[in-house]
**Student:** 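The structure follows.
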Amino acid sequence: METLDLGRRIDLLSMDPHFHDISIAVYRDDDGGGATYLLHSYSRRDGAGDRLRFLAGVMRTAGGMVAGGGSPLAVRFACGHAHEAALKRLFVESCKAPPGTDPERRPLSVLDKKNDLTVRVDALGGGRYRCGGDRDGARERRRVAAIAAGLGKLAELQVDGTEVRFPCGADHHELISLLLIRALNVRGALREQEAAAARGMLSAPSQQR
Ligand SMILES: [Zn+2]
């Protein structure tokens, strides 16, 4: 029986659609000072390690993370903060990447089709960002504030009107651009996360191959 001290499991993809439906978990370990996250699979299938290394790379690029040290499957935020809610979203989004693809770099703006509104995020420095629309009516301002609130919810940010702020005081452009598109439909994003978590509960790692 293999026993590993991986830390605390914070999320699980129970079936990776891009690699033989293997399960992939992400663990959090706070021992080295800041929070470090480790990708792990109990699958012994050939290539599973390559898939995990690829996903760690996607998380570094798409989430602006750095290598966690000690393992090619470990990643962390350079600021040392855990940003656990944002990390979970980043994990879910990263696992959608098919092998061999480069994660696309998203701009700091998004088109809100339903409202025909382009929402732009300006970096103010020190981990602060201001959301704004390309139109500025009362309705558009409400929508922009709702999107800022959505960003706040998805990444545990402090929200003040149309401004959001990372609690670490460091910039995270990649996270903002990744989460911006999800902030258009926060309820959908949270539902997706809860469904994945529920599936994870049903399948204990020891029963997986
Ligand atoms: Zn940070």
Side-chain angles (χ1 to χ4, degrees), residues 6-13 24-40 52-53 55-97 103-110 119-132 144-184 186 189-190 192-193 196-197:
L6 297 163
R8 181 166 59 85
R9 192 177 87 184
I10 61 154
D11 213 347
L12 174 76
L13 174 73
I24 299 172
V26 54
Y27 290 82
R28 173 177 167 177
D29 181 0
D30 289 7
D31 275 355
T36 299
Y37 296 96
L38 187 69
L39 295 175
H40 181 74
L52 294 184
R53 271 188 290 279
L55 290 178
V58 172
M59 289 176 75
R60 286 198 301 271
T61 308
M65 299 189 85
V66 296
S71 161
L73 306 181
V75 290
R76 65 183 182 83
F77 291 106
C79 65
H81 199 281
H83 298 307
E84 188 174 302
L87 185 285
K88 287 182 177 187
R89 283 269 25 122
L90 173 62
F91 174 65
V92 168
E93 296 297 324
S94 297
C95 289
K96 293 175 183 172
E104 54 177 312
R105 286 219 170 259
R106 295 195 175 107
L108 278 172
S109 69
V110 70
V119 177
R120 195 188 66 253
V121 181
D122 292 322
L124 305 177
R128 287 164 59 229
Y129 295 85
R130 184 186 296 129
C131 306
V144 168
I147 289 169
L151 279 174
K153 197 162 215 168
L154 291 173
E156 289 171 337
L157 307 180
Q158 291 146 16
V159 182
D160 181 9
T162 57
E163 257 184 58
V164 296
R165 183 180 175 280
F166 281 90
C168 60
D171 287 340
H172 289 283
H173 295 356
E174 293 88 351
L175 283 181
I176 288 288
S177 50
L178 178 89
L179 295 174
L180 187 54
I181 195 158
R182 310 302 299 184
L184 296 178
V186 173
L190 294 177
E192 179 186 35
Q193 194 127 11

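Only this structure's heavy atoms are used, side chains among them; waters, hydrogens and symmetry mates stay out. Note that ligands are numbered from 1 as they come in the structure, with each ligand's atoms numbered from 1 the same way.
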**Student:** What protein N/O/S atoms are found closer than 2.8 Å to the Zn ion (ligand 1)?
**Tutor:** C79 SG, H83 NE2, C168 SG, H172 NE2
**Student:** Do D122 and R120 meet the salt-bridge criterion of a basic N to acidic O distance under 4.0 Å?
**Tutor:** yes
**Student:** Could you tabulate the donor-acceptor pairs under 3.5 Å formed by side-chain atoms of residues 78-88, not counting sequence neighbours?
**Tutor:**
unit_1: H81; atom_1: ND1; unit_2: H83; atom_2: N; d: 3.0
unit_1: H81; atom_1: ND1; unit_2: H83; atom_2: ND1; d: 3.3
unit_1: H83; atom_1: NE2; unit_2: H172; atom_2: NE2; d: 3.2
unit_1: E84; atom_1: OE1; unit_2: R8; atom_2: NH2; d: 3.2
unit_1: E84; atom_1: OE1; unit_2: R28; atom_2: NH1; d: 2.7

**Student:** Using atom types as modelled, flag every donor-acceptor pair under 3.5 Å from a side chain in residues 145-168 to any protein atom, sequence neighbours excluded.
**Tutor:**
unit_1: Q158; atom_1: OE1; unit_2: R165; atom_2: NH1; d: 2.9
unit_1: E163; atom_1: OE1; unit_2: R128; atom_2: NH2; d: 3.3

**Student:** Can you find a heavy atom in the side chain of V75 that is under 4.5 Å from one in the side chain of T36?
**Tutor:**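 Sidechains of T36 and V75: no contact.
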**Student:** Can you list, pair by pair, the side-chain donor-acceptor contacts under 3.5 Å of residues 176-184, counting residues two or more places apart and other chains?
**Tutor:**
unit_1: S177; atom_1: OG; unit_2: H173; atom_2: O; d: 3.1
unit_1: S177; atom_1: OG; unit_2: E174; atom_2: O; d: 3.1
unit_1: R182; atom_1: NE; unit_2: E93; atom_2: OE2; d: 3.4
unit_1: R182; atom_1: NH2; unit_2: E192; atom_2: OE1; d: 2.9

**Student:** Distance-only, no hydrogens or angles: does the D171 side chain make a donor-acceptor pair with backbone N or O of G127 under 3.5 Å?
**Tutor:**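 Such a contact is found between D171 side chain and G127 backbone.
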